[in-house]
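Just follow the structure's listing: the first ligand is 1, and inside any ligand the first atom is 1. The structure displayed is predicted, hence computed values, not measured ones.
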Amino acid sequence: MVLRIQSEVVSGVAGEPIRVVPTGAALGATVKGVDLKDLHDAMFARIMQAWHDYSVLLFRDQTVTDQELMAFSRRLGDFDWAPIQETGRRFVEGLPEIFIVSNVKVNGEPIGGLGDGESVWHTDMSYLDVPPKASILYSLEVPVTGGNTSFCTMYGLYEALPARLKDRIAGLKIKHDGTYTSGGYVRQGVTATDDPRTSPGAVHPLACTHPESGHRMLYLGRRRNAYITGLELADSEALLDELWEFASRPDFTWEHVWRVGDLVLWDNRCTMHRRDAFDPHSRRIMHRTQVKGEGRPL
Ligand code: SIN
């Protein structure tokens, strides 16, 4: 499991100590006593430590502008620009660093991506050779119910695999499909295909080591059109089904119920996430930034 190091006390808002409260689930913690607009270096270091310990951090009651969201994100590294999804531009006008996740339409045009349907388990942009290392999602409007986001620990999944499966996947590589979004939409400029052997994407090891924590983890990306290179398609499908059976177990996940002002920072290297569908008549608006990875998953 993830190593949790005792940390020194760091003061946050109004001199109160920053508190990191674990969710009690397999991953995730709430960080209390922090205003992300106003972080000194010791606070940021404490947040980074908590991020490495828990993989997903929730900050409640934040009030950040897009510029402030970007300023916080920039402390983690360079930006990966927002992907262009579905039918065209889906980012904040003039700020290509900020992707809008929303079902809201203005003059019949969606202002963001992913709509109101389910978004299936995935790692963001793992179809790239160097996927983003972090994603940061800030909620501006949320439905009364639904649209919850769940996270899954890839450390926990790897640890839970029987030795037989760990041996089986050692040295194997998986193609992460770049055809479909987690909402099932075909990406801009890509020809739809359901043949995992020929679909576009990046090939990564099935079991990787996290570059900072040094922990081993499973690296699945998403199920649709995934392909374990070098295997017959039927064998690849059977092995992937066996691995994905672990990913759907609740003991490896934490479900977040959003409130307006929540900001969630997740380590995109060692987690996957999914989102529930929600009432199409309600509004959900989230702004997301992504921070570039520092190398290929190894
Ligand atoms: C995402 O997959 O990045 C969006 C998740 C969400 O809408 O909660």
Side-chain angles (χ1 to χ4, degrees), residues 23 25 27-28 30 55-60 62 66 69-70 73 76 79-86 90-92 96-105 110-128 131-154 176-188 220-224 247 253-280 282-293:
T23 60
L27 73 171
T30 302
S55 304
V56 184
L57 296 181
L58 165 64
F59 304 85
R60 293 272 199 202
Q62 301 298 311
D66 287 333
L69 173 61
M70 285 168 56
S73 311
L76 280 88
F79 289 106
D80 249 331
W81 279 22
I84 296 178
Q85 293 194 3
E86 298 145 39
R90 289 292 176 268
F91 48 77
V92 172
E97 299 86 351
I98 298 196
F99 180 66
I100 305 175
V101 178
S102 185
N103 65 322
V104 172
K105 291 185 178 167
I111 63 164
L114 290 181
D116 50 48
E118 179 189 355
S119 158
V120 297
W121 284 115
H122 66 285
T123 295
D124 285 332
M125 292 157 72
S126 62
Y127 53 86
L128 299 179
K133 70 173 184 181
S135 296
I136 299 163
L137 192 62
Y138 176 59
S139 68
L140 296 149
E141 290 189 51
V142 293
V144 177
T145 57
N148 301 345
T149 307
S150 296
F151 296 89
C152 164
T153 167
M154 304 312 282
H176 292 234
D177 175 61
T179 312
Y180 297 101
T181 70
S182 56
Y185 302 98
V186 177
R187 289 183 198 283
Q188 273 277 302
L220 291 176
R222 63 195 70 208
R223 179 63 185 90
R224 189 169 184 182
T253 66
W254 167 61
E255 180 176 14
H256 175 52
V257 181
W258 290 93
R259 296 196 319 222
V260 169
D262 284 352
L263 185 146
V264 174
L265 159 66
W266 66 87
D267 189 328
N268 192 51
R269 298 164 291 193
C270 57
T271 63
M272 296 193 296
H273 56 284
R274 66 170 291 281
R275 185 197 75 196
D276 293 334
F278 55 96
D279 177 0
S282 59
R283 290 166 59 96
R284 188 176 187 271
I285 305 180
M286 327 285 275
H287 283 191
R288 186 183 79 187
T289 54
Q290 284 174 306
V291 181
K292 261 190 201 312

The criterion is side chain to side chain donor-acceptor pair (under 3.5 Å); which residues satisfy it with K292, sequence neighbours excluded? D80

May I ask whether L137 has any heavy atom positioned less than 4.0 angstrom from an atom of ligand 1? yes

In this structure, atom 1 (C) of ligand 1 is nearest to the protein heavy atom H273 NE2, 3.5 Å

Heavy-atom nearest neighbour in the protein, as seen from atom 4 (C) of ligand 1, with distance rounded to 0.1 Å: L114 CD1, 3.8 Å

What distance do R274 atom CZ and S150 atom OG have between them, rounded to the nearest 0.5 Å? 5.5 Å

Using a strict cut-off of 4.0 Å, indicate which atoms of ligand 1 neighbour a heavy atom of V101. 7 (O)

Point-to-point distance, once rounded to the nearest 0.5 Å, from CG of L69 to CG of L137: 9.0 Å

Among non-hydrogen protein atoms, atom 7 (O) of ligand 1 lies closest to R284 NH1, 2.8 Å

By side chain to side chain donor-acceptor pair (under 3.5 Å) - contacts of D279 (at least two apart): none

Output the list of atoms in ligand 1 that are nearer than 4.0 Å to some heavy atom of T149, sorted by atom number. 6 (C), 8 (O)

Please list the nearest protein heavy atom to atom 3 (O) of ligand 1 with its residue and the distance rounded to 0.1 Å. R288 NH1, 2.8 Å

Give me the one residue out of P96, S73, P132 that meets side chain to side chain contact (heavy atoms under 4.5 Å, CB included) with F79. S73

Hey, which atoms in ligand 1 end up nearer than 4.0 Å to a heavy atom of H122? 2 (O)

Which residue is it: E141, R283, R284? I am looking for the one with a side chain to side chain contact (heavy atoms under 4.5 Å, CB included) to V104. R283

The answer for which part of M286 has a heavy atom under 4.0 Å from ligand 1 is neither

Can a donor-acceptor pair be found between the side chains of N268 and H273 at a distance below 3.5 Å? no

